[in-house]
A.B. asks: 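The structure's right below; bear with me while I get my questions together.
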There are 2 protein chains.
Amino acid sequence: MRQESKKKATIYDLSVLSGCSASTVSAVLNGTWQKRRIKESTADLIRSLAEKHQYTANLQARGLRSSRSGLVGLLLPVHDNRYFSSMAQTFEAHVRARGQCPIVVSACRDPQEERRTVETLISYSIDELFVAGATDPDGVHAVCEAAGLKHINLDLPGTKTHSVISDNYEGGRLLTEAIIRHCQGDRPLEPEELYLFGGRNDHASRERIRGFREVKREIFGVDPDECIQPTGYSPAMTQKAFETFYAREGHLPRAFFINSSINFEGLLRFLGQHPHETFADIVVGCYDYDPFGSFLPFPVIMIRQDVESMIAKAFEIIDQPRSAPQLHLIRPELVPPRTALMGPLDALKDID
Amino acid sequence: MRQESKKKATIYDLSVLSGCSASTVSAVLNGTWQKRRIKESTADLIRSLAEKHQYTANLQARGLRSSRSGLVGLLLPVHDNRYFSSMAQTFEAHVRARGQCPIVVSACRDPQEERRTVETLISYSIDELFVAGATDPDGVHAVCEAAGLKHINLDLPGTKTHSVISDNYEGGRLLTEAIIRHCQGDRPLEPEELYLFGGRNDHASRERIRGFREVKREIFGVDPDECIQPTGYSPAMTQKAFETFYAREGHLPRAFFINSSINFEGLLRFLGQHPHETFADIVVGCYDYDPFGSFLPFPVIMIRQDVESMIAKAFEIIDQPRSAPQLHLIRPELVPPRTALMGPLDALKDID
DNA sequence: CTTTTTTGCACAATCGATGGTGCAATTAAT
DNA sequence: ATTAATTGCACCATCGATTGTGCAAAAAAG
């Protein structure tokens with residue numbers, strides 16, 4: 001029973017065992033040994049010792065010395081949501097493919113928490129940071145900038161560095177048109193029968209709302225203000241908005257555009273409180289895709305943001321030399337009701 | 001315009017600025033200064049300089065010296081699933097409350113990737129590791145053990161260290177009974193009309209299947225083998241199982257137990273390919289809770305695993321001195337159809 | 001058999017923070 | 001006015017890896 005365990009082997013241990021210096025061991029194990037003209041046989045010896053003693057480098061020490069860590073961060077607003085969790089999933093695959101270590105953290109949509117978290121990540125010398133859906137991207141930027149950390153915005157844009165986001169305006173238009181089209185079969189839709197719920201005063205919401213209103217105006221000629229209910233990004237507030245509407249009108253709007261799957265959960269809470277008939281013939285458009293949401297008992301048209309392309313684009317940009325901040329729009333996809341799309345999980349092999 | 005930026009301030013910088021030694025600066029900034037009998041006024045001076053120059057400690061250096069990092073890891077099989085993403089969300093809140101930094105990584109249910117990932121985390125001297133749903137918990141254990149890293153299993157148990165998991169047997173029973181009960185109103189259910197889909201040969205699946213079979217045997221007296229279809233944890237395989245059944249029988253089973261929300265997505269894919277009538281009167285039980293899943297157009301009874309309690313229990317255990325491995329079962333909750341429960345996101349304040 | 005070149009590696013400084021030890025200056029005790 | 005006790009802090013080794021530099025020994029050139 002070999003018994004050096006409990007303490008990890010270091011290059012110094014291997015240096016003693018091999019009779020070489022620590023720098024030689026280091027060079028062999030990190031691949032720079034050819035440059036240092038180390039004999040193949042020495043390298044072999046050291047490698048076999050490393051294997052035998054289960055050596056793995058202390059990455060904190062390496063990071064301290066080289067001020068790079070091999071860590072790549074993704075800052076999310078929340079985990080518990082299919083949009084962001086699929087972003088995390090896709091992100092991890094990309095980072096792994098580059099031989100780095102992904103680390104995913106959420107900051108609860110709290111600007112202060114965002115900055116604090118990023119500072120912590122910086123203290124670990126992460127190499128790059130992807131900032132997704134930040135409430136205050138420019139605040140995060142300032143922190144990154146001060147530390148010379150490469151970073152990029154996702155989902156919500158900032159003004160100080162590149163941003164890769166959904167084409168929310170176009171998506172908003174697509175979704176609104178699809179909702180209206182879907183209602184054609186029945187009695188023609190009136191402008192005040194089409195509402196929008198959810199979202200806050202951020203770029204994504206503003207653009208989606210702009211798309212929504214423009215399409216309404218183009219089709220109906222009018223676009224009543226009271227049809228816009230930006231209830232933030234919480235299920236509870238959204239539910240309240242539905243309850244209020246229902247209490248006043250005795251029914252739900254005939255059709256509505258829901259700003260995100262999180263707001264959609266607010267609708268579910270409402271539905272859970274009311275009999276089935278209350279929503280027998282609503283039509284819903286949701287700006288986000290959730291496979292289960294797509295199969296609800298009323299027509300649900302969804303927008304799937306193209307996470308794969310967004311992440312791919314972001315990596316492409318972050319690898320390039322720094323340039324003037326730009327907004328990169330990725331076209332989202334309209335998903336008709338009752339559609340189960342493949343997702344990042346399908347890339348995983350399932351062994352038994 | 002102050003211009004020392006681009007390089008982060010270190011204790012040495014502050015040491016020069018303050019005229020004190022680096023060790024004094026260090027002591028002041030990490031709170032051990034009283035023990036070192038440093039004058040209040042010196043401490044104040046240093047703190048103000050630190051503030052002014054935006055000093056933040058280099059955590060790699062600190063970690064290297066003290067071989068602790070303040071990082072707590074959560075290893076997930078996948079991100080993109082409400083069960084695991086809510087686990088991540090809850091985990092983060094707990095870790096933050098302890099003043100540490102949560103880091104969440106997924107390993108794609110690949111035993112080798114699991115070990116590799118854990119080794120990487122260990123190289124960063126993480127302080128504790130939560131291993132959720134690992135395919136090979138004991139393999140992970142070996143790696144942790146060798147490095148003297150405290151760890152605990154979640155969701156799927158290992159034999160070498162404590163495990164906090166759902167009471168899958170009890171949950172399986174609960175869900176099976178509920179499915180059968182739900183069918184009572186109509187023509188009585190026959191034993192061969194109740195199937196189970198999904199899951200692989202792991203502890204959770206085995207226990208759920210055991211509960212399922214025992215209840216069937218208790219109620220029907222029989223429990224046909226062909227009603228058990230453990231199709232792994234992929235949507236694609238599960239879909240295929242449904243297709244096969246449907247091709248053979250011309251309809252879906254009248255009622256079925258689906259082993260996880262991931263498998264449930266396989267059912268969605270099937271449904272997307274077939275007309276509505278195909279599943280007009282099925283009854284589904286799913287071992288996992290997804291708010292959208294709960295509102296599908298057929299009755300969906302779900303099991304919500306009590307993630308909050310699991311995480312809380314796990315933290316409680318990991319803080320205690322090491323003891324003989326034990327299995328801690330957390331009772332899951334039965335969720336009737338059309339129920340929108342609150343989740344970890346509700347703890348977040350939504351500012352606008 | 002020298003001189004030059006190449007090969008193969010060791011040495012030591014460094015990254016930033018920590019904590020044990022020791023010592024001068026101040027204060028208290030006698 | 002001494003001696004003893006306390007205060008306040010500096011010094012230095014250390015964590016584990018990286019990297020520029022330098023120097024012997026071996027090989028090649030002359």
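Every chain is numbered from 1 and lettered A, B, ... according to where its sequence line falls, protein lines coming before strand lines. Values in this document were obtained by computation on a predicted structure and should not be read as measured data. Quick note: numbers below take in every heavy atom, side chains included, and nothing from hydrogens, waters or symmetry partners.
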A.B. asks: Would a distance-only check, ignoring hydrogens and angles, find a side-chain to backbone donor-acceptor pair under 3.5 Å from Asp138(B) to Thr159(B)?
C.D. replies: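 Checking the backbone N and O of Thr159(B) against the side chain of Asp138(B), a donor-acceptor pair under 3.5 Å is found.
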A.B. asks: Take atom OH of Tyr124(B) and atom P of dG16(D), then tell me their distance rounded to the nearest Å.
C.D. replies: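 Answer to the nearest Å: 17 Å.
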A.B. asks: If each of Arg65(A) and Ser21(B) is mapped to the nucleotide of DNA chain D with the nearest heavy atom, which maps nearer the 5' terminus, i.e. the 5' end?
C.D. replies: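 By nearest-heavy-atom nucleotide position, the 5'-most residue is Ser21(B).
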A.B. asks: OP1, OP2 of dT18(D) versus side-chain N and O of Asn30(A): anything below 4.0 Å?
C.D. replies: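 So the side-chain polar atoms of Asn30(A) do come within 4.0 Å of the phosphate oxygens OP1 or OP2 of dT18(D), strictly under.
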A.B. asks: Please tabulate, one pair per line, all N/O donor-acceptor pairs under 3.5 Å involving side-chain atoms of residues 31-45 of chain B, not counting sequence neighbours.
C.D. replies:
from	atom 1	to	atom 2	distance (Å)
Thr32(B)	OG1	Asn30(B)	OD1	2.8
Asp44(B)	OD1	Arg47(B)	NH2	2.9

A.B. asks: Tell me every residue that passes salt bridge (Lys or Arg N to Asp or Glu O under 4.0 Å) with Asp127(A), counting only those two or more places apart in sequence or in another chain.
C.D. replies: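 With neighbours one apart ignored, the set is Arg68(A).
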A.B. asks: Both Gly19(B) and Ala61(B) contact DNA chain D. Taking the nearest nucleotide for each, which residue is further toward the 5' end?
C.D. replies: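 Result: Gly19(B).
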A.B. asks: Scan Thr10(A) against the nucleic acid and name what it touches under 4.0 Å (heavy atoms): base, sugar-phosphate only, or nothing.
C.D. replies: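 Answer is sugar-phosphate: Thr10(A) comes under 4.0 Å of backbone atoms only.
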A.B. asks: As an exercise, state the distance from CD1 of Ile126(B) to CG of Leu149(B), rounded to the nearest 0.5 Å.
C.D. replies: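 Between Ile126(B) CD1 and Leu149(B) CG, I get 5.0 Å after rounding to 0.5 Å.
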A.B. asks: Measure CD1/Ile38(B) against P/dT7(D) and give the value in whole Å, please.
C.D. replies: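 Roughly 14 Å, once rounded to whole Å.
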A.B. asks: Calculate the interatomic distance between Lys39(B) atom NZ and dA10(D) atom P; express it in whole Å.
C.D. replies: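 From Lys39(B) NZ to dA10(D) P: 11 Å.
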A.B. asks: Report yes if the distance between the aromatic ring centroids of Tyr124(B) and Tyr124(A) is under 6.0 Å, otherwise no.
C.D. replies: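 No, the ring of Tyr124(B) stays outside the 6.0 Å limit from the ring of Tyr124(A), centre to centre.
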A.B. asks: Are there more than 12 heavy atoms of other residues, nucleotides or ligands under 6.0 Å from atom CD of Gln100(A)?
C.D. replies: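 Yes, CD of Gln100(A) has more than 12 neighbouring heavy atoms, counting only those of other groups under 6.0 Å.
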A.B. asks: Can you measure Asp13(A) atom CG to dC15(D) atom C1' for me and round it to whole angstrom units?
C.D. replies: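 Between C1' of dC15(D) and CG of Asp13(A): 13 Å.
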A.B. asks: If I take atom CD in residue Gln34(B) and atom C1' in nucleotide dC9(D), what distance separates them, rounded to the nearest angstrom?
C.D. replies: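 Interatomic distance, CD of Gln34(B) to C1' of dC9(D): 15 Å.
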A.B. asks: For the helix from dC1(C)-dG30(D) to dT30(C)-dA1(D), what angle separates the axis at the start from the axis at the finish, each from five pairs, in steps of 10°?
C.D. replies: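 Roughly 50°, once rounded to the nearest ten degrees.
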A.B. asks: Please say which of Thr135(B), Asn81(B), Asp202(B) ends up in a side chain to side chain donor-acceptor pair (under 3.5 Å) with Tyr233(B).
C.D. replies: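 Among the candidates, only Asp202(B) passes.
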A.B. asks: Just the rounded figure in Å: distance from C1' of dG8(D) to CG of Leu45(B).
C.D. replies: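 Rounding to the nearest Å, CG of Leu45(B) and C1' of dG8(D) are 14 Å apart.
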A.B. asks: So, Glu119(A) versus Thr56(B): side-chain donor-acceptor pair below 3.5 Å or not?
C.D. replies: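 Short answer, no.
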A.B. asks: First and last nucleotide of DNA chain C in contact with chain B, 5' to 3', at under 4.0 Å to a heavy atom: what are they?
C.D. replies: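 First and last nucleotides in contact are dG16(C) to dT21(C).
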A.B. asks: Within the distance-only criterion (no hydrogens, no angle test), does the side chain of Ser163(B) pair as donor or acceptor with the backbone N or O of Leu154(B) below 3.5 angstrom?
C.D. replies: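 No.
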A.B. asks: Going by the salt bridge (Lys or Arg N to Asp or Glu O under 4.0 Å) test, which pairs reach into residues 92-108 of chain A, not counting sequence neighbours?
C.D. replies: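 Salt bridge (Lys or Arg N to Asp or Glu O under 4.0 Å) check on residues 92-108 of chain A returns Glu92(A)-Arg96(A), Arg96(A)-Glu113(B), Arg98(A)-Glu128(A), Arg98(A)-Asp319(A).
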A.B. asks: Scan nucleotides 20-22 of chain D against the protein and return all N/O pairs shorter than 3.5 Å with their distances rounded to 0.1 Å.
C.D. replies:
from	atom 1	to	atom 2	distance (Å)
dG20(D)	N7	Arg36(A)	NH2	2.8
dG20(D)	O6	Arg36(A)	NH1	3.1
dG20(D)	O6	Arg36(A)	NH2	3.1

A.B. asks: Nearest whole Å is fine: how far is dT18(D) P from Leu29(A) CG?
C.D. replies: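 Going from CG in Leu29(A) over to P in dT18(D) covers 8 Å.
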A.B. asks: I'd like to know if the side chain of Ser69(B) reaches the main chain of Ser125(B), judged simply by a donor and an acceptor atom lying under 3.5 Å from each other, with no hydrogens or angles considered.
C.D. replies: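 Answer holds: yes.
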A.B. asks: Rounded to the nearest angstrom, tell me the gap between atom OH in Tyr12(A) and atom P in dT14(D).
C.D. replies: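 After rounding, the gap between these two atoms is 11 Å.
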